[in-house]
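First the structure, in the form of structure tokens, and then the observations on it.
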Amino acid sequence: QIFSSPNLKDWKYESSFGEGYGNHGGVWECPDLMKMKVAGTDKEKWMLICNINPGGPFGGSATQYFIGQFDGRTFTCEDEPSETKWMDYGKDHYATVTFSNAPEGRNVAIAWMSNWQYANQVPTTQYRSANSIARDLGLIEYSGETYCSVKPAKEMDQARGAKISAPSETCEMVVTYSGDAQIILRNQKNERVIMTYDAEEETFDMDRRHSGDVSFSDAFPTLTSAPTYGKLRQVRIFIDKCSIEAIDADGKMAMTNLVFPSAPYNKVTVKGKAKVKIYSIKK
């Protein structure tokens with residue numbers, strides 16, 4: 001529901017949105033509404049974020065969004081009512097909200113990096129979950145439709161450290177694609193995460209079913225898959241102690257998944273048409 005107020009005390013009901021649109025598998029929360037330019041055009045459109053739990057593309061929590069126009073009173077969606085657009089195609093990206101008055105008028109978002117299917121069972125001590133890296137949001141067009149673009153916030157460039165020869169507990173991998181490829185992260189116990197890009201099908205998959213400890217929830221061992229809305233050129237993969245965030249450098253795909261290896265992934269294998277560079281992350 002949308003309300004207006006001249007003084008933040010007295011409120012007037014203006015309109016409602018949502019019935020019949022998108023996914024209604026669970027509760028909608030953390031709404032956010034913003035106007036952005038469509039990249040490469042002179043168009044401006046509005047995006048309404050409505051996080052949902054449960055009902056995500058792979059179960060549990062997720063972030064859906066709607067594209068349209070807003071006149072200050074009513075949001076009018078241009079998407080088909082039955083269509084659901086997801087901001088991130090991993091299992092662990094929820095409660096996404098943007099900062100107010102971000103530098104340069106940017107729309108900078110941050111998400112809670114977990115899923116209510118198992119958030120209280122994850123094998124961590126002294127804390128329950130973390131936030132995603134900050135991300136710059138925008139709009140792109142593909143095949144006549146408008147989608148949310150997601151890129152690592154440009155401040156993440158300043159966090160990039162020296163080039164290193166192998167993955168570490170905290171690092172950034174930059175994968176440059178020229179076709180189909182598979183990237184395999186593993187440790188000495190053969191715990192592994194497999195990321196597969198299919199250029200013809202325009203999909204990016206992440207398989208964490210053998211990533212480490214997956215025993216705490218039947219909902220955790222999962223293969224997640226995302227459309228890429230065109231060919232991937234470069235994907236930036238941010239690895240932390242218990243998370244992997246894969247984000248297309250051009251903003252066409254994002255996938256966030258938790259992992260709980262018993263030892264850090266310290267080896268990467270590349271199969272297919274891709275090259276990998278690895279950088280430390282400054283602390």
Side-chain angles (χ1 to χ4, degrees), residues 23 25-30 49-64 86-97 109-135 150 152 156 159 167-173 183-196 204-226 236-247 253-268 281 283:
N23 190 299
V27 66
W28 286 16
E29 71 168 341
C30 300
I49 298 173
C50 290
N51 294 267
I52 186 171
N53 176 67
F58 302 100
S61 315
T63 303
Q64 66 177 332
W86 302 106
M87 187 176 291
D88 187 293
Y89 280 82
K91 284 276 288 189
D92 301 296
H93 184 275
Y94 185 53
T96 306
V97 292
I110 195 166
W112 175 62
M113 197 159 51
S114 195
N115 190 309
W116 278 120
Q117 286 185 321
Y118 43 72
N120 289 315
Q121 286 78 46
V122 293
T124 60
T125 58
Q126 297 182 322
Y127 73 99
R128 280 284 185 256
S129 308
N131 288 328
S132 71
I133 65 167
R135 306 172 185 204
V150 180
M156 290 303 299
S168 63
E169 188 172 73
T170 304
C171 64
E172 178 189 352
M173 294 199 316
I183 309 298
I184 304 170
L185 271 174
R186 69 175 78 237
N187 59 20
Q188 62 268 31
K189 297 186 179 181
N190 201 32
E191 296 169 341
R192 58 201 180 274
V193 176
I194 302 171
M195 290 168 276
T196 304
F204 180 92
D205 299 345
M206 189 185 301
D207 186 348
R208 69 173 182 191
R209 289 175 291 187
H210 304 283
S211 57
D213 186 357
V214 299
S215 64
F216 54 90
S217 169
D218 291 341
F220 190 81
T222 316
L223 184 151
T224 55
S225 182
R236 298 174 66 181
I237 302 172
F238 296 89
I239 301 167
D240 207 343
K241 188 170 184 177
C242 61
S243 63
I244 297 176
E245 301 175 69
I247 305 174
M253 182 277 304
M255 184 176 289
T256 304
N257 282 315
L258 296 179
V259 290
F260 297 100
S262 58
Y265 304 121
N266 58 4
K267 182 179 180 181
V268 60
I281 294 179
K283 297 181 180 179

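Along the sequence shown, the residues carry numbers beginning at 1.
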Notebook entry, point to check: What closest approach, in Å, do Cys30 and Val97 show between heavy atoms, and which atom pair accounts for it?
Noted result: CB-CG1, 4.0 Å
Item checked: Interatomic spacing from CD in Gln64 to OG1 in Thr96 - rounded to 0.5 Å -> 11.5 Å
Return a table of donor-acceptor pairs under 3.5 angstrom between the side chains of residues 54-61 and protein atoms on other chains or two or more places apart.
from	atom 1	to	atom 2	distance (Å)
Ser61	OG	Asn53	OD1	2.9
Ser61	OG	Trp116	N	3.1

Notebook entry, point to check: What distance do Lys267 atom NZ and Gln188 atom CD have between them, rounded to the nearest 0.5 Å?
Noted result: 11.5 Å
Checklist line | Residue pair Pro264 / Glu169: nearest heavy atoms and the distance that separates them | finding: CG-OE2, 3.8 Å
Next item on the list: May I ask you to decide if Asn23's main-chain N or O and Trp28's side chain share a donor-acceptor pair within less than 3.5 Å?
Entry: yes
Margin query: Is any side-chain heavy atom of Trp86 closer than 4.5 Å to one of His93?
Written below: no
Check: Please walk me through it: do Ser262 and Glu191 pass side-chain hydrogen bond (donor to acceptor under 3.5 Å, both in side chains)?
Finding: CA-CA 8 Å; Ser262 58; Glu191 296 169 341; 3.0 Å; yes
Notebook entry, point to check: With a 4.5 Å heavy-atom cut-off, do Tyr89 and Thr224 have their side chains touching?
Noted result: no
Item checked: Minimum heavy-atom distance between Ala119 and Arg128, given as atom pair plus value -> O-CD, 3.2 Å
Item checked: Euclidean distance, Lys91 NZ relative to Asn257 CG, rounded to 0.5 Å -> 9.0 Å
Notebook entry, point to check: Taking side chain as C-beta onward, heavy atoms only, is Tyr94 less than 4.5 Å from Asn115?
Noted result: no
Checklist line | Rounded distance (nearest 0.5 Å) linking atom CG of Asn120 with atom CZ of Phe216 | finding: 11.5 Å
Check: Should we count CG of Asn190 as having more than 12 external heavy atoms under 6.0 Å?
Finding: yes
Checklist line | Side chains of Leu258 and Ser243 in contact at under 4.5 Å (non-hydrogen atoms) | finding: yes
Check: Can you check whether Ala111's main-chain N or O pairs, donor with acceptor, with Ser132's side chain at less than 3.5 Å?
Finding: yes
Item checked: Min side-chain heavy-atom separation Asp213-Phe220 under 4.5 Å -> no
Check: Quick one: CG on Asp205 to OG on Ser225, what's the gap to the nearest 0.5 Å?
Finding: 3.5 Å
Checklist line | Smallest separation among heavy atoms of Asn187 and Pro261, with atom names | finding: ND2-CB, 3.9 Å
Check: Once you round to the nearest 0.5 Å, how far does OG1 of Thr196 lie from CD1 of Ile184?
Finding: 7.5 Å
Note to self: Applying side-chain contact (heavy atoms from CB on, under 4.5 Å) to Arg135 and Thr256, what does each step give before you reach the verdict?
What the structure shows: CA-CA 12 Å; Arg135 306 172 185 204; Thr256 304; 2.7 Å; yes
Check: Out of Ser211, Ser215, Pro123, which one pairs with Phe260 under the side-chain contact (heavy atoms from CB on, under 4.5 Å) rule?
Finding: Pro123
Margin query: If I compare all heavy atoms of Ala219 with all of Tyr118, which pair ends up nearest, and what's the gap?
Written below: O-CE2, 3.9 Å
Note to self: Tell me every residue that passes salt bridge (charged side-chain N to carboxylate O under 4.0 Å, His left out) with Arg208, counting only those two or more places apart in sequence or in another chain.
What the structure shows: Asp92
Notebook entry, point to check: Under the salt bridge (charged side-chain N to carboxylate O under 4.0 Å, His left out) test, which residues partner Arg236, sequence neighbours left out?
Noted result: Asp157, Glu172
Next item on the list: Please step through side-chain contact (heavy atoms from CB on, under 4.5 Å) for the pair Leu185 and Met195, ending with a clear verdict.
Entry: CA-CA 8 Å; Leu185 271 174; Met195 290 168 276; 4.0 Å; yes
Check: Taking all atoms of both residues into account, what is the closest heavy-atom pair of Phe204 and Met255, and its distance?
Finding: O-CE, 3.4 Å
Check: Are any non-hydrogen side-chain atoms of Tyr265 and Val259 less than 4.5 angstrom apart?
Finding: yes
Checklist line | Among Ile133, Ile237, Asp88, the one residue meeting side-chain contact (heavy atoms from CB on, under 4.5 Å) with Ile247 | finding: Ile133
